[in-house]
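Notes to accompany the following structure.
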Amino acid sequence: TLFRSQAGNSLDRLIGMLGKDHGMLRGIPDVSRTQVRMSDGVQVSTSVINPTPYKAKKAAVLCRSPYGHLSNWLATLFVNLNNFAAVMQDDRGTLTSGGTFDMFRMANDDGLKTMQWIISQPWSNGLVYSVGISADGMGEIADILRSPNMLKGQWWGWTTGNGHAFVYPQGMYRQDLLEGYMHTMYLFTRGASVDNIIPAVRQHESWSPWWYNITDCRAPTPCHFAN
């Protein structure tokens, strides 16, 4: 990740010196970094890779992750294969983003605000797709709860749309997996995964509205995919 960051900074300096339209740089995507404001004022760190031609209208693929760009580079596959713009974010409360990590319970709202920001960009054609594996996928599945009309497709892998059943399968607390993961994420989340999430998960053993924002399907309630 450090290498990629240094490489990205070097490319930014080169583009600044020569200009984006210099023949030497023709075909190189435009890489930009910004902060996108969420509904509660939290600023989420966002990187955009916009392939040439920069001003052409194009779809975007969104990837949000608590792991930084090492995970988010999945989105760049769509730049190369489909000429999409790649929009990559550090999840709320992780790494360079503001706010407090909440185990993706604000991911649906943050996703909607991000997609609204994407389609307001001059290069956007109004179409957004999202990708995510494992924890990244939980945040992307949660987007469905807000029924965003600009979201046209998603690709997930090794993830879950039923947060409560994943943590408490058949009512048994999956302590080793949940708490082991949250301890691993301690530095990524500035301590919130251990200090906040583990006590909250233990407190909400039974199904309750606390789990709603990370639960897309749960029998016998209707499945949000139908929306």
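These values consider heavy atoms only, across backbone and side chains, with no hydrogens, waters or symmetry-generated copies.
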H183: ring-ring contact (aromatic ring centres under 6.0 Å, His included) partners, not counting sequence neighbours: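 Once residues adjacent in sequence are excluded, H183 has no partner under the ring-ring contact (aromatic ring centres under 6.0 Å, His included) criterion.
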All ring-ring contact (aromatic ring centres under 6.0 Å, His included) counterparts of Y168, not counting sequence neighbours: H164, Y173
Output all residues satisfying side chain to side chain donor-acceptor pair (under 3.5 Å) with [X], sequence neighbours left out; order by chain, then residue number.
{"X": "D40", "value": "R92"}
{"X": "N162", "value": "none"}
{"X": "D143", "value": "R64"}
{"X": "Y181", "value": "Y67"}

Where at least one partner belongs to residues 181-191, residue pairs that pass salt bridge (Lys or Arg N to Asp or Glu O under 4.0 Å), sequence neighbours excluded: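 Sorted result for residues 181-191: empty, none.
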Residue pairs, two or more places apart or on separate chains, that pass salt bridge (Lys or Arg N to Asp or Glu O under 4.0 Å) and touch residues 152-161: none
Partner residues of R146 under the salt bridge (charged side-chain N to carboxylate O under 4.0 Å, His left out) criterion, sequence neighbours left out: D109
Salt bridge (charged side-chain N to carboxylate O under 4.0 Å, His left out) partners for R174, two or more places apart: none
Partners meeting side-chain contact (heavy atoms from CB on, under 4.5 Å) with T96 (sequence neighbours left out):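 Checked T96 against side-chain contact (heavy atoms from CB on, under 4.5 Å); matches are S45, D90.
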Those residues that, when tested against S206, pass side-chain contact (heavy atoms from CB on, under 4.5 Å) (two or more places apart):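 S206: no side-chain contact (heavy atoms from CB on, under 4.5 Å) contacts found.
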